[in-house]
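I have placed the structure first, in the form of structure tokens, so that the comments after it can refer back to it.
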Amino acid sequence: MKIKVVTAFISALLFLLMLNSCRSDNFQDLLNINPNPCDTVLAVSYSNEVVPVLAFNCYACHNLNSHQIVGGGIRLDEYNALKTYVENGKLLCSIQHGNGCLPMPQGGGKLAQSDIEKIQIWICNGALED
């Protein structure tokens, strides 16, 4: 009987010590997992970084003059029009070649990963017009 009491006491003591040693860590910290992929300190400017990527890769088809003819009615060269595709997730899905999206640029390869990440960070930070 004494052995069971001592064993229970030692187990409880070890449990309390373990809890105390990890009091400032949570499970995700211990595994080094970022629960929010949008949590970033990087700032991406719409005018300085996003527009050049879109201009080089998208504006040929998705501009004021050609979006109805070759751009599927999608205009990306104007912020308010672009914002629609940012908010519904289609911009990011298309440039990431995600499931259920038409991969863009059409007939071309995927954008450089660094360009996709710029756009993703910009979206995660609120897709502000600056």
>> Quick check: do I95 and D115 have side-chain heavy atoms less than 4.5 Å from each other?
In response: no
> What is the distance from atom OH of Y46 to atom CD1 of I119, rounded to the nearest 0.5 Å?
Replying inline: 10.5 Å
>> Please enumerate all residues that pass side-chain hydrogen bond (donor to acceptor under 3.5 Å, both in side chains) together with S114, with sequence neighbours excluded.
In response: none
>> Check for me, please, whether L42 and V50 land in the same ILVMFWY cluster - side-chain distances under 4.5 Å, paths through other members count.
In response: yes
>> On a heavy-atom basis, which atom in V51 and which in Y59 lie closest, and how many Å separate them?
In response: CG1-OH, 3.8 Å
>> Please enumerate all residues that pass side-chain hydrogen bond (donor to acceptor under 3.5 Å, both in side chains) together with S66, with sequence neighbours excluded.
In response: N63
> Which distance, rounded to the nearest 0.5 Å, do you find between the SG of C58 and the CZ of R75?
Replying inline: 14.0 Å
> When rounded to the nearest 0.5 angstrom, what distance separates CD in Q68 from NE2 in H62?
Replying inline: 11.5 Å
For residues 79-86, dump all side-chain donor-acceptor pairs below 3.5 Å to protein atoms at least two apart in sequence or in another chain.
residue, atom, partner, partner atom, Å
Y79, OH, A127, O, 2.5
K83, NZ, G126, O, 3.3

> Okay, side chain of H67, backbone of L64: is any donor-acceptor separation there less than 3.5 Å?
Replying inline: yes
>> For a quick test of reading the model, state the closest non-hydrogen atom pair linking M104 to H97 and the distance between them.
In response: O-NE2, 3.1 Å
> Can you tell me how far the CG atom of L92 sits from the CH2 atom of W122, to the nearest 0.5 Å?
Replying inline: 10.5 Å
> Heavy atoms, side chains only, cut-off 4.5 Å: are N125 and V44 in contact?
Replying inline: no
>> Rounded to the nearest 0.5 Å, what separates atom OG in S94 from atom CD1 in I116?
In response: 11.0 Å
> Would you say E78 has more than 12 foreign heavy atoms packed within less than 6.0 Å of its CD?
Replying inline: yes
> Does D130 use its side chain to pair, donor to acceptor, with the backbone of S47 at less than 3.5 Å?
Replying inline: yes
